[in-house]
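Presented below is the structure to which this report refers.
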Amino acid sequence: MSLASVIRSEEKLLVPTYDRHKILFERGRGVYLWDSRGNRYLDFLSGIGVNALGYVHPAIQATLKRQAGRLIHVSNLFFHEYQAELAKRLVKISGLDRAFFCNSGTEAWEGALKLARIYARTQNTNGHKPKWRILALDNSFHGRTFGSLATTGQAKYRDPFVPLLPGVGFIRFNDVDDLKHQFDAGVCAICIETIQGEGGVCPVSPEFLQMARKLTESNDALLILDEIQCGLGRTGRYFAYEHYGIQPDIVTIAKPLAAGLPLGAILTSNRVALSMHPGMHGTTFGGGPLACAVAIEFLRVLDELLDHVREVGNYFHEQLEGLKATHGCILEVRGMGLMLGVELESADTAKSVVSALLQRRILINRTHETVLRFLPPYIIQEKHVDEVIRALDSALRACATKPRLASTRLRGHKGVKDE
């Protein structure tokens, strides 16, 4: 099937939710994709953080082939052998106690919000109205279902669908004073992306996260961390919150967990988990045997890659900082490990750079208008970083020869560096 015929079919048959690049990908291997014309692309986006082991990883392929021949789906009304094993691995690396498996990041986030509300209700023993307020962050993104949208601090995602879930307030990003001002006895949870992805690759500050932990602990509220994009090795540690020395009450994960198959999870403590009982929450497809078997293999491979992610991530960060010293249009380099962002002076410059790299068959994307986002597979090497840096340098030099564009920048965001 040709690219043109696929485009015509989609224009006629699909709900128009995506503005796609006119490329038809047919296969992948390692850190590369090939399109229908045989062109090879270096992938530094990895399906927006999903294909963390690249394409056709031999261990993943072997697991897929073996398990697909045995059992793909069984109802959650019955047992299969992989959910408990996967949960065991996840609670060990997270420091939490229990897991719930679902299909996606936004579904995990919905479940986390339900957990926060039911926990507050079960702790309410004085007959007063249970805590129900939720505090989220400006500039955040938690998904596209209604609860996730309600806690997403970007108007462009929220406004078309209001009214949303009531009881949500938004705190200015990394503003400790605003956090303390808005927190009160009616708050059941504070919701934070440890590193904001769609918001421009912005790490939460240590001071802000530590204050959120302090307030929730002292008021029997919950700290919920969204690690759907930044978790599971992306920063060079299993979870980004490990860089901060704090322990959350609930963590949501998804993207790379099943190496491309749909799988998300909620991780939480016994104290919170036991607020639920059978019938209060569930899923048809979440935690099936095929996805869980693949996720176990992903975690096994991940154990061997964390040092590599830190090393190559630090190298990549240094090279991007070198570009910043050369190109005045780079305002800031942010992120950890292999979740990095480069904020440019304008949306037009960022758009031009993404287009220029695509012409050189390198895949990245632009988020929050002005930020180049890099989410490469964990298996990249320094030679791949060097190729991207050369392409960026060329694209930025080309932009510098064009008429100066009006500057558009975010508020300054400061994060923590890897140790």
Side-chain angles (χ1 to χ4, degrees), residues 1-28 33-37 39 41 43-51 55 102-110 136 139-165 168 193 196-201 226 228-229 252 254-256 258 260-264 283-286 341 344 346-359 361-375 408 410:
M1 184 174 285
S2 69
L3 173 61
S5 64
V6 170
I7 291 173
R8 286 195 300 270
S9 295
E10 288 202 358
E11 287 176 346
K12 180 180 179 180
L13 298 169
L14 298 190
V15 177
T17 55
Y18 297 107
D19 184 15
R20 304 189 201 271
H21 295 287
K22 289 184 171 59
I23 301 171
L24 177 62
F25 284 121
E26 292 187 337
R27 62 188 177 92
L33 284 165
W34 281 263
D35 69 14
S36 55
R37 297 183 173 93
N39 298 311
Y41 294 76
D43 185 5
F44 261 53
L45 188 58
S46 64
I48 313 184
V50 170
N51 299 308
Y55 300 91
C102 53
N103 303 286
S104 65
T106 194
E107 187 181 336
W109 192 251
E110 293 282 337
N139 204 47
S140 60
F141 180 86
H142 296 290
R144 299 184 184 271
T145 49
F146 264 76
S148 298
L149 279 176
T151 50
T152 288
Q154 297 189 56
K156 65 181 180 180
Y157 297 115
R158 294 166 50 86
D159 287 355
F161 304 103
V162 294
L164 299 170
L165 179 75
V168 179
E193 289 170 279
Q196 292 186 337
E198 300 301 317
V201 191
D226 179 340
I228 292 162
Q229 190 170 133
T252 58
K255 287 187 180 293
L261 295 180
L263 184 63
T283 172
T284 296
F285 294 104
L344 300 182
S346 75
D348 286 340
T349 300
K351 190 174 182 178
S352 295
V353 171
V354 171
S355 178
L357 263 63
L358 187 59
Q359 291 175 12
R361 296 172 189 154
I362 297 172
L363 305 179
I364 66 169
N365 84 325
R366 178 174 63 109
T367 187
H368 216 267
E369 302 296 333
T370 59
V371 179
L372 307 178
R373 177 169 54 177
F374 304 90
L375 297 168
T408 304
L410 297 169

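Throughout, numbering of the chain's residues begins at 1 and tracks the sequence.
- A distance of 11.0 Å separates CZ of Phe44 from CG of Leu375, quoted to the nearest 0.5 Å.
- By the side chain to side chain donor-acceptor pair (under 3.5 Å) test, Gln154 is found to be paired with no residue, residues two or more places apart in sequence or in another chain being considered.
- In this structure, CG in Leu358 is found 11.5 Å from CG in Asn365, a value given to the nearest 0.5 Å.
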Please set out all donor-acceptor pairs under 3.5 angstrom arising from side-chain atoms of residues 1-8, sequence neighbours excluded.
residue : atom : partner : partner atom : Å
Ser2    : OG   : Ser5    : N            : 3.2
Ser2    : OG   : Ser5    : OG           : 3.2
Ser5    : OG   : Ser2    : N            : 3.2
Ser5    : OG   : Ser2    : O            : 2.8

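- In plain terms, the two heavy atoms of Pro256 and Gly49 that are nearest each other are CB-O, 3.6 Å.
- When atom types are taken as modelled, the side chain of Asp43 and the backbone of Leu33 share no donor-acceptor pair closer than 3.5 angstrom.
- Judged as a side chain to side chain contact (heavy atoms under 4.5 Å, CB included), and not counting sequence neighbours, Thr284 has no contacts.
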Validation: residues 16-23 side-chain donor-acceptor distances under 3.5 Å, sequence neighbours left out:
residue : atom : partner : partner atom : Å
Arg20   : NE   : Glu10   : OE1          : 2.8
Arg20   : NH2  : Glu10   : OE1          : 3.4

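- Taken from CZ in Arg373 to CD in Glu198, the straight-line distance is 4.0 Å, to the nearest 0.5 Å.
- Note that OG of Ser346 is 11.5 Å distant from NZ of Lys351, once rounded to the nearest 0.5 Å.
- Here the side chain of Asp35 pairs a donor or acceptor atom with the backbone of Asn39 at under 3.5 angstrom.
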**Request:** Apply side-chain contact (heavy atoms from CB on, under 4.5 Å) to the pair His368 and Asn139, showing each step before the final yes or no.
**Result:** CA-CA 9 Å; His368 216 267; Asn139 204 47; 2.4 Å; yes

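- Within a 6.0 Å sphere centred on NZ of Lys12, heavy atoms belonging to other residues, nucleotides or ligands number 12 at most.
- Distance check: Phe374 CZ to Ser46 OG gives 12.5 Å after rounding to the nearest 0.5 Å.
- Residues satisfying the ring-ring contact (aromatic ring centres under 6.0 Å, His included) test with Phe25, not counting sequence neighbours, are Tyr41.
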Return a table of donor-acceptor pairs under 3.5 angstrom between the side chains of residues 141-153 and protein atoms on other chains or two or more places apart.
residue : atom : partner : partner atom : Å
His142  : ND1  : Asp226  : OD2          : 2.8
Thr145  : OG1  : Thr106  : OG1          : 2.7
Thr145  : OG1  : Glu110  : OE2          : 2.6
Thr145  : OG1  : Ser148  : OG           : 3.2
Ser148  : OG   : Thr106  : O            : 3.4
Ser148  : OG   : Thr106  : OG1          : 2.8
Ser148  : OG   : His142  : O            : 3.4
Thr151  : OG1  : Trp109  : NE1          : 2.9
Thr151  : OG1  : Gly147  : O            : 3.1
Thr151  : OG1  : Ser148  : O            : 3.1
Thr152  : OG1  : His142  : N            : 3.0
Thr152  : OG1  : Ser148  : O            : 2.8

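- Expressed to the nearest 0.5 Å, how far CG of Leu263 lies from OG of Ser104 amounts to 10.0 Å.
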